[in-house]
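Below is one structure, written out as structure tokens; comments come after it.
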Amino acid sequence: MHETNTDELEVTGRDDALDAAELEELGALLRERRLSDVAESQRMAESLGLLLASRSESTADDEHDPEGPTLSSEWSRLQALRSDAAHDIVAVDAALERLHRGTYGVCTRCGRSIGVDRLRARPTAEFCIRCAVAVES
């Protein structure tokens, strides 16, 4: 009698693969997220420009000003937010490329399907839950 390997079934038999409606929904979510990230990045760039202009016009010693954040700390905060948006754009673009290639929703590590609920919560996910836990530990 032949025993069935459940791991093989998960990799080769993907009954939980995304259907056309789910792919369309998630594609729209990714495109919307990209637009939002680009807008956020542009807002941060504009804020950085204003801060730079303010910094060059100011002769005050803001490093010792007890009234709120310093120009340096605000610069660092804005740079971090802009960097986060840029990283997310890269992740969204990679997910859109997987969508275009027909590999979206498939774990890039093991080949199992990534659940639709996981993709709705984290549309840029590259790994199924099992692999994500393994990679992070």
Glu126 side chain reached by Arg98 side chain, heavy atoms, under 4.5 Å: yes
Using a 4.5 Å cut-off on heavy atoms from C-beta on, say whether the side chain of Leu18 contacts that of Leu119. yes
Are Phe127 and Val133 packed together at the side-chain level, in the sense that at least one heavy-atom pair is separated by less than 4.5 angstrom? no
Got a second to check how far Leu30's CG is from Glu25's CD, nearest 0.5 Å? 10.5 Å
Taking the basic N atoms (NZ, or NE/NH1/NH2) and the acidic carboxylate oxygens, is any pair closer than 4.0 Å for Arg82 and Glu40? no
How close do Glu22 and Ala17 get, heavy atom to heavy atom, and via which atoms? OE1-O, 4.2 Å
With rounding to the nearest 0.5 angstrom, report the CZ to CG distance, Arg122 to Asp117. 15.0 Å
So, do Ser113 and Cys128 sit near enough that their side-chain heavy atoms are less than 4.5 Å apart? no
For the residue pair Val116 and Arg120, establish whether any side-chain heavy-atom pair is separated by less than 4.5 Å. yes
Donor-acceptor pair, side chain of Ser41 and main chain of Asp37, under 3.5 angstrom: no
For the atom pair CG (Leu99) and CD (Glu24), what is the distance rounded to the nearest 0.5 Å? 8.5 Å
Report the C-alpha separation of Arg130 and Glu136 in whole Å, then their side-chain angles, then the decisive distance to 0.1 Å, and conclude whether the salt bridge (charged side-chain N to carboxylate O under 4.0 Å, His left out) test is met. CA-CA 10 Å; Arg130 185 183 296 174; Glu136 290 177 11; over 6 Å; no
Output yes when a side-chain donor or acceptor of Ser36 lies under 3.5 Å from a complementary backbone atom of Glu32, and no otherwise. no
Assigning hydrophobic clusters by single linkage (Ile, Leu, Val, Met, Phe, Trp, Tyr; side-chain heavy-atom cutoff under 4.5 Å), is Ile129 placed with Leu26? no
Does the side chain of Tyr104 come within less than 4.5 Å of Ile114's, by heavy atoms? no
With side chains defined as the heavy atoms from C-beta onward, is the minimum distance between Leu51 and Leu78 less than 4.5 Å? yes
Do Val106 and Arg112 come within less than 4.5 Å of each other through their side chains, counting heavy atoms only? no
May I ask you to decide if Gln79's main-chain N or O and Ser83's side chain share a donor-acceptor pair within less than 3.5 Å? no
Have a look at Val92 and tell me which of Leu96, Ile89, Val90 forms a side-chain contact (heavy atoms from CB on, under 4.5 Å) with it. Leu96
